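To keep things clear, I will list the structure first and then write my remarks on it.
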Protein chains: 2
Amino acid sequence: MKPKKNTGQNARDRILDVSEELFANGSFASVSVRAVTSKAAVNLSAVNYYFGSKQGLFQAVYVRRATLMNHERLRLLHEADEAAQAQGRDVTLRDLISAMLTPPIYWLCDEDKGFSVYIRFLARSYLEEASDMDNVLRQEVDVFARFVPYFQNIKPELSEEDVYWRIHFIMGVMHHTINHLHRISLLSHKACKKEPWETTRDRLVAFCCEGF
Amino acid sequence: MKPKKNTGQNARDRILDVSEELFANGSFASVSVRAVTSKAAVNLSAVNYYFGSKQGLFQAVYVRRATLMNHERLRLLHEADEAAQAQGRDVTLRDLISAMLTPPIYWLCDEDKGFSVYIRFLARSYLEEASDMDNVLRQEVDVFARFVPYFQNIKPELSEEDVYWRIHFIMGVMHHTINHLHRISLLSHKACKKEPWETTRDRLVAFCCEGF
DNA sequence: ACCTGTTTAAAACATACGTTTAGAATAGGG
DNA sequence: CCCTATTCTAAACGTATGTTTTAAACAGGT
């Protein structure tokens, strides 16, 4: 009768949290429903009860926080846009790329919240053949489409195709960093140390700005 | 008694070819031994006979062509180095990055050979938790280590850490392109068309050169 | 032909999987 | 308190999994 019991950590949320983490570290097929339910300390059938199927659970994990990050990106874009207009200048390339990369990188390195896990989950999802991953991507695609006119305004000589290719490359740098930040030390023959997230973000933004 | 029967397509090779393709399109856990053997038209137990286990098969797929690509990279590096020395100049940034990216991108877009499949397999392997993937990566890491002095020679102001971060970013752009080339159209709102591999390579190299 | 090592075949094994079912426990409103 | 909808539990179902076993087929050398 009542719409929802939203008191702290009910079974549903616990399942989402746990499966978010497991899906972030392993592929869809490699994570079993039993692993999720046992780690979440709920009954095996809870997944099917709340989400219908394992696939339904996966999509629920995605949906839960997807819009937040993209809204944050658009918020940063508008913020930069208004600041630029106030000063009677154009938005800078750095503003745009920073607006795209700051939310995920900030969340990735923010160890307190569960967002860090979600970012890794998201990056991995890109490789998941889970049938409707194309639909899942569409939201992010639409957000980036909003950035395109700004890019073209700054670099009018670029075709739309050029812009999209460069955005594609930026996503590549971002995803790779998300997926392999934990072994950057190995990949660099121990040359790279742990550093604050702003430093990592700045490296990323600098590389992408120049590349663009 | 005889060392090996290398006549064309024996069962072992057929298994390797098929599983290479399946592992390129799906995660380790999502590809079943039965799917491999049935598609390869061999008996179910052939995988365990030849490779000991499913894991053994996966590593065998990796090992089969891993050294080739890295040798090709080093070959291009030496080629550029000698050409530069002959003209009494330094190797260019473009030479270095092109040497890293040309082999995988060329193979990726070469539809005749099975290498295209392998490149996608490789890119996906990076996300596989298959226990010793860190060892698997080491070979590629070692190859890139050979590039580092050249980069530092061109840009002496960069620390070793800086160089490795930039190489890391280049890998990101490359892997992302490999993994998502098939849906670049979707990601770009249909703005990006199919194009010859050299064009794609040049986009990549240009982006990475500027970013570096 | 015989022997020897290699390869293929069919069947079975034990376990893990996602999902379903039927019923008990729980909670809140009347 | 009773009623109803929701949540949770335990057990089972059918199937798919990786691997093992046993033996047959095959090949090449002597």
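So you know, we letter chains A, B, ... as the sequences are listed, proteins then strands, and number each from 1. Everything quoted here is computed from the prediction, not taken from an experiment.
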Could you check how far CD1 of B/Ile15 sits from P of C/dA9, rounded to whole Å?
11 Å
Which class fits the ring pair A/Trp165 and A/Phe169: parallel under 30°, tilted 30 to 60°, perpendicular over 60°?
tilted
Protein-nucleotide distance (B/Asp13, atom CG; C/dT8, atom P), rounded to Å
11 Å
Reckon B/Val36 touches a base, only the sugar-phosphate, or nothing at all at heavy-atom distances under 4.0 Å?
nothing
Just the rounded figure in Å: distance from P of D/dC8 to CG of A/Asn48.
14 Å
Under 4.0 Å, counting only non-hydrogen atoms across every strand here, what does A/Tyr49 touch: a base, just sugar-phosphate, or nothing?
base
Nucleotide of C/dT19, D/dT17, C/dA11 approaching B/Leu44 most closely (side-chain heavy atoms):
C/dA11
Using a cut-off of less than 4.0 Å, is there contact between a side-chain N or O of B/Ser32 and OP1 or OP2 of D/dT17?
yes
Nearest heavy-atom neighbours spanning B/Leu158 and B/Gln152:
O-NE2, 3.6 Å
Is the phosphate of D/dC8, meaning OP1 or OP2, less than 4.0 Å from a side-chain N or O of A/Tyr50?
yes
Take atom NZ of A/Lys54 and atom P of D/dA16, then tell me their distance rounded to the nearest Å.
15 Å
Step through it carefully: locate the ring centre of B/His168, locate the ring centre of A/His176, and say whether they are under 6.0 Å apart.
yes
B/Arg65 charged N/C atom sitting above B/Phe115 aromatic ring, 6.0 Å / 45°:
yes
Grab the CZ-C1' distance between A/Arg34 and C/dT20 for me, whole Å please.
12 Å
Nearest listed nucleotide, side chain of A/Ser45, among D/dA10, D/dT17, D/dC8
D/dA10
Look at all strands and tell whether A/Ala11 reaches a base, only sugar-phosphate, or nothing, counting heavy atoms closer than 4.0 Å.
sugar-phosphate
Can you check the A/Asn43 CG to D/dC8 P distance for me, whole Å?
9 Å
Please check if any side-chain donor atom of B/Tyr150 sits under 3.5 Å from a side-chain acceptor atom of B/Asp95, or the reverse.
no
If I take atom CG in residue A/Leu57 and atom P in nucleotide C/dG18, what distance separates them, rounded to the nearest angstrom?
11 Å
Rounded to whole Å, the CZ-P distance (A/Phe58 to C/dT19) equals 14 Å
